[in-house]
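Structure, as structure tokens:
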Amino acid sequence: MQLSEQELIRRQSREELIKLGIEPYPAELFHVNVSIKDILQNYEKRKTDYKNISIAGRIMSRRIMGNASFAELQDASGRMQIYIRRDDICPGEDKNLYNTVFKKHLDIGDIIGIKGYVFTTEVGEITIHVREFKLLSKSLKPLPIVKHAEDESGKMVTFDAFSDPEQRYRQRYVDLIVNPEVRDAFLKRTQLINTMRTYLNNKGYLEVETPILQPIYGGALAKPFKTHHNTLDMTLYLRIANELYLKRLIVGGYDGVYEFSKDFRNEGMSRFHNPEFTQIELYVAYKDYYWMMDLVEEMVEKVALQLHDTTEVKVGNNLINFQRPWPRLTMFDAIKKYTGVDISQMDETQLRKTAKDIGIDTDDTMGKGKLIDEIFGSKCEPNIIQPTFIIDYPLEMSPLAKKHRSKPGLVERFEVICNSKEICNSFSELNDPIDQRKRFEEQLELGKRGDTEAMVLDEDFLRALEYGMPPTAGLGIGIDRLTMIMTNQPSIQDVLFFPQMRPEQKIAEASEEDYVALGIPKEIIPVIQKIGINSVEDLKAANPNKLFNDICGMRKKMKLEIKNPTIEEVKGWLA
RNA sequence: GAACUUGUAGCUCAGCUGGUAGAGCAUUACACUUUUAAUGUAGGGGUCCUGGGUUCGAAUCCCAGCAGGUUCACCA
């Protein structure tokens, strides 16, 4: 591992601190009695309460001016300035704590605990005057330096933002340290989930857990991840939905069950798709999809109010209003509205032709349901910004939904489209076991035609239905998508702490021992690494004459006081 | 999976029609007791993503690869 100059200096600082008797990673706790947010909010009102504070955080900037210094301390709640004066922390003759420890061996990124009092500087900034400080954790890697300042109009401007998406996602910890708004988005994500949980708990529904490893995947149209259980010697799939298990629990007699669940779909990745994503699914007995529409409206409106104190949320260039009630539009009406074509009476052939006419690619594996879905997806969804219920879907694309009470060929199903994306899916659940078996069999047919997302038949689920499931309304909400909207994030990767990414390439590096084993003196090893030789293979492939020259040249460049090897020695290593 | 695009110092970025690299911040040293993108002076730091090719000469042009981003396709 090649270290940069700054990393080497920090390692040296760590050593120096130890020599000075300062433990860079102390074991004991540091007592904290206040948060930065608390100080910033309440100091002006209750100044006497902040005469003896103890607080910990990360040093985010330093301004050293001789015998006094300013630094910024960041804790979980915010960032504020601290003031350190040499003669305060070093009252005696020994000024090392300030001159050496603070000025030389502390860095941006170090975590410290301080004790002192709050005051306001001449420039008017609330600041902690430090009486004592203690190193809590030495940071060995330099943080990206992001600076903020006000421009002439008083707007906050950011300089040198840490903005490369790859680095932000791969090293989310750095992103969270230097980009406070990122922490805020994740805070809102949790608030969103908590709001829903509280809402559903208050209604008396039971939060449950169901298997992630499933012998038969079901409940959605998607490709699964496949894995293997050794003891049972059987294939298991990571769930693509929890629908079928939750309905079994409704059969078992619970009135309402819900689960926040990680689901897994082995499909493409994009800014709207991560291989693992979070859904909430809710099933309530003795209800239908009309009832569920009211619940969704109320719950999502509550989420918006909880997060923003208003039902209006700015998302990109759109202002989305979640205030109830939301418009309700049947799927056929929606298609008619946005394409001008009435497809409600069409058969598969006519649909295929219609789809082609409006520029949609079709193939033979697509059944009637899929064709309608395509038309809707490409012609309607992009135009729907405000939350809108799309209701009454064709039977073919909803194998788990109940037949419509009055409209033949349709099912009692709705989705909410918002900001051009589906945010939830719901139906009156199919509870006729004979009809359900028939629907599964139709799915098997689609599978035979080559539809890789078609459902498989779940005998145990059918057995459960045969015991009798009450009429039930079911709901699934994509938590990631809803969070994207509620926090105005353009990409799903911005609402997942650790989005899935290709693994970082790891260079196969030879260790010091590997080189020593070849007879290379220890002090020469850094020189070899500096030249760019990182593995034994690289070394063996090198031309001995060139390598000899390079080593001698690099030794000079690095100003190392070591003896050059002889050409014979170099040849010996490569032999 | 496809098209386009990006990869230069710890971070953010310059680098013209090819002549082996620059800035700001960070860092190092010195100065400085209320600053705030602190300041001043001096310094250090680079397999210019990787591998080939063209060329006297490649960060720059060409090809391939790796990784990222955007858009599209599939999907929630």
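Here is how names work: the chains are called A, B, and so on, in the same order as the sequence lines, proteins then strands, and each is numbered from 1.
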I'd like a table of atom pairs between the protein and nucleotides 21-23 of chain B - only N or O on both sides, under 3.5 Å - with the distance next to each one.
none

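- Contact annotation for A:Ile423: no contact, since no heavy-atom pair falls under 4.0 Å across all strands.
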query = Reading nucleotides 5-15 of chain B 5' to 3', which nucleotides get B (base under 4.0 Å from a protein heavy atom), which S (sugar-phosphate only), which -?
reply = -----BSB---
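- With B:G69, B:U27, B:U35 as the candidates, the nucleotide lying closest to the side chain of A:Ile108 is B:U27.
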Interface polar pairs with nucleotides 70-74 of chain B, N/O, under 3.5 angstrom:
{"unit_1": "B:U71", "atom_1": "OP2", "unit_2": "A:Arg271", "atom_2": "NE", "d": "3.1"}
{"unit_1": "B:C74", "atom_1": "OP1", "unit_2": "A:Glu374", "atom_2": "OE1", "d": "3.3"}

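- The nucleotide B:G1 finds its pairing partner in B:C72, both defining distances of the Watson-Crick or G-U wobble pair being shorter than 3.5 Å.
- Around the NZ atom of A:Lys47, the shell of radius 6.0 Å holds more than 12 heavy atoms that belong to other residues, nucleotides or ligands.
- Comparing the same atom, P, in B:G53 and in B:U47 gives a spacing of 23 Å after rounding to whole Å.
- Using a 4.0 Å heavy-atom cutoff across all strands shown, A:Phe264 reaches no nucleic acid atom at all.
- Within the shown strands, nothing qualifies as a pairing partner of B:A9 under the Watson-Crick or G-U definition with both distances less than 3.5 Å.
- Using a 4.0 Å heavy-atom cutoff across all strands shown, A:Lys103 reaches no nucleic acid atom at all.
- When rounded to the nearest whole Å, the span between NZ of A:Lys147 and P of B:C25 equals 8 Å.
- Residue-level contact check: A:Asp263 touches neither bases nor backbone, having no heavy atom under 4.0 Å from any strand.
- Counting any heavy atom pair closer than 4.0 Å across all strands shown, A:Gln81 reaches a base atom.
- In terms of position along RNA chain B, the nucleotide closest to A:Asp107 lies nearer the 5' end than the nucleotide closest to the other residue of the pair A:Asp107 and A:Ser61.
- A:Ile89 has its CD1 atom 15 Å from the P atom of B:U33, to the nearest Å.
- Side-chain proximity of A:Lys104 to B:U35, B:C30, B:A67: nearest is B:C30.
- One can place CZ of A:Phe159 at 13 Å from C1' of B:U36, the figure rounded to the nearest angstrom.
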